[in-house]
Amino acid sequence: MSQTRKVILSQRYLQLGFVLAMCLLLFTALAPIISAGWVEESDVRYLQTAEQMEQLQLMLSSLKYAESGTQGYLITGRQEYLQPYYQGNEQAQGLLTRLRRTLRNDTDTLRSLELISRQIDILHQYQGRVIEQRRLNGGTPAYTDDILSGKLGMDRLRFSVTDLRSQLNARKAVQYNEYQSRRQLVNLVVVLVTVLDAVLFSLLLWQIFLGIRERARTVEELQEVSERMQLGAANLEERNRHMALLSKMSSALQVCQDAEEFFEVAGKYAYQLFGQHAGALYAYYSSRDLLERMTSWGQLSSDTILFEPNQCWAIRRGQPHAVRDLRLEPVCQHLGVRRPDAYLCLPLMAGGEPVGILYLEAGTAEVADAFPPELLQVANTLTEQVALAVTNMNLRENLRRQSIVDALTGLYNRRFLNETLERELVRANRQNTPLSLVMLDVDHFKRFNDNHGHEAGDQVLRHIAQLLLKSLRGSDLACRFGGEELTLIMPETDQVAALAKCELLREQIAQLTVRVGGVVLPAVTISMGLAVYPRDGEQADTLIQHADAALYRAKNDGRNRVEVARVEE
């Protein structure tokens with residue numbers, strides 16, 4: 001074979017190898033892009049279904065909130081209970097509209113959603129009707145049948161929501177399996193690309209004297225593509241982990257019983273999300289003049305426990321405040337003397353108002369890129385969920401307090417008295433300890449109201465209630481039994497100790513100074529009846545009856561005195 005023919009063949013082989021190399025390079029470049037988009041598409045559908053399930057659950061919670069407000073209004077007739085009714089129904093309608101928009105192309109789930117919509121309309125019509133009837137009836141107590149009807153309506157609605165959630169959950173499982181299958185296929189593509197790269201590398205070695213530099217450059221490019229794809233897969237997996245943690249945190253926060261449990265749960269999930277960053281969650285005091293550290297994680301540089309709202313730039317500006325260089329950027333005053341190299345404050349915003357902050361610190365090694373966009377996105381999502389959950393928890397606590405506390409005196413009401421007395425009697429029986437029950441009544445209170453007005457009478461009751469709260473032990477309980485009649489429960493207190501306490505309270509109340517409009521009101525006195533468990537009765541009704549009889553005997557014998565129950569009464 002002539003040298004010319006060898007050159008021609010060599011050139012043809014080189015051209016063929018070049019064409020083959022270009023094809024493989026094109027495949028290597030496009031495969032990750034197409035595969036990533038393909039996997040992302042599956043992930044978007046999966047996240048959309050998860051969001052629909054969350055919106056459905058939020059809608060049900062809003063309707064429960066509205067129904068609680070309706071029942072509260074039917075029972076008490078107080079207008080403030082209508083606020084949950086209006087807020088809950090408005091939020092539920094908004095979520096229903098969003099669900100219709102996202103499910104408009106799905107006939108089966110849309111049919112179930114329309115059934116739920118009709119049930120919501122029926123429930124809303126029922127609520128409007130019974131509220132209007134309650135309003136027209138004035139002080140007439142609500143009928144139990146109306147309350148039961150509302151509960152039955154909510155039960156049917158809850159069943160329908162559960163059925164739709166089951167459909168969405170089944171679809172979510174299918175989408176998750178599809179996502180996993182696509183990921184596996186993408187991994188297979190990675191392996192295939194690697195094998196093809198190896199083949200290409202072997203062919204190009206055969207022609208190493210013609211293009212070793214070009215081949216080296218191609219290998220480097222392929223390695224970069226592979227690294228980017230692996231990094232993308234790792235980022236996607238990390239993102240899914242964050243979304244799962246945030247979803248679990250949101251569900252857990254909704255069922256927390258008190259603030260201590262709430263922030264303990266929030267802190268544990270925050271540690272899993274921001275483990276590489278030490279941090280803390282701060283929340284407002286009820287007076288809203290201070291923020292207190294409720295939970296923390298990691299080794300914090302700042303040791304601040306309490307600080308004023310104006311000491312944080314995030315609170316003052318109502319937006320995140322990130323400081324990467326303490327010398328060049330404004331620093332929050334709440335950091336104190338011990339300061340981190342970089343930090344981030346994010347306000348917990350609810351209804352346009354801050355309810356606390358999320359505080360994160362970065363170590364020296366992280367200062368250059370302390371808070372990347374991915375972390376900021378997760379932090380923003382966490383603050384939104386925590387702020388919403390804090391607001392819901394405060395609303396629940398306010399409703400609970402309104403149901404057991406007398407609005408005028410601030411003492412517990414009769415309903416709470418009955419529940420607590422039963423519980424304390426069981427405890428006294430189990431521990432074999434005494435319990436004293438005192439019925440307390442203001443002497444000539446009707447005459448006092450007639451002479452000085454009901455506002456004066458209300459002020460007297462408030463001052464007596466405040467005196468009781470200051471004078472009693474933490475284990476004692478003061479309640480408003482009705483009108484001007486109050487009740488004291490003193491666990492682990494025998495007759496001698498209870499009688500001494502009652503005499504002291506009687507003397508202190510007689511010395512009270514009450515002013516209304518700058519005028520000092522005449523002094524008032526009280527009469528008290530004392531009954532002791534188990535001598536005067538082992539049941540709550542019996543104990544109250546004997547204490548009440550002793551109270552009336554104290555009034556009949558001249559008032560301004562303490563009488564002890566007699567067993568024969």
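One-based numbering along the sequence shown.
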Contacts of H463 meeting ring pair (Phe, Tyr, Trp, His ring centres under 6.0 Å) (sequence neighbours excluded), chain-then-number -> none
H124 versus N89, closest heavy-atom pair with distance: ND1-ND2, 3.2 Å
Output, in order, the C-alpha distance, side-chain angles, deciding distance and verdict of side chain to side chain contact (heavy atoms under 4.5 Å, CB included) for L488 and L468. CA-CA 9 Å; L488 307 180; L468 293 177; 4.0 Å; yes
Nearest atoms (heavy-atom pairs only) where P340 meets L335: CD-CD1, 4.4 Å
Kindly state each residue pair satisfying side-chain hydrogen bond (donor to acceptor under 3.5 Å, both in side chains) with at least one member in residues 343-360, sequence neighbours excluded. Y359-E361
Looking at Q377, I want to see if its CD is surrounded by more than 12 non-hydrogen atoms of other residues, nucleotides or ligands under 6.0 Å. no
In plain terms, say whether R427 and E424 are close enough for a salt bridge, that is, a side-chain N and a carboxylate O under 4.0 Å apart. yes
Would the distance check show the side chain of R473 and the main-chain N or O of P491 forming a donor-acceptor pair, the cut-off being under 3.5 Å? yes
Backbone N or O of E308 within a donor-acceptor pair of the Q311 side chain at under 3.5 Å? yes
Residues, nucleotides or ligands: over 12 heavy atoms within 6.0 Å of Q319 CD: yes
Taking side chain to side chain contact (heavy atoms under 4.5 Å, CB included) as the test, write out the residues that go with D303, two or more places apart. R338
Closest non-hydrogen atom pair between V331 and L326, with its separation: CG2-O, 3.8 Å
Ion pair check, R423 and E419, cut-off under 4.0 Å: no
Please round to the nearest 0.5 Å and tell me the distance separating atom CG of N169 and atom OG1 of T162. 11.5 Å
Which heavy atom in C312 sits nearest to a heavy atom in H334, and how many Å separate them? CB-CD2, 3.6 Å
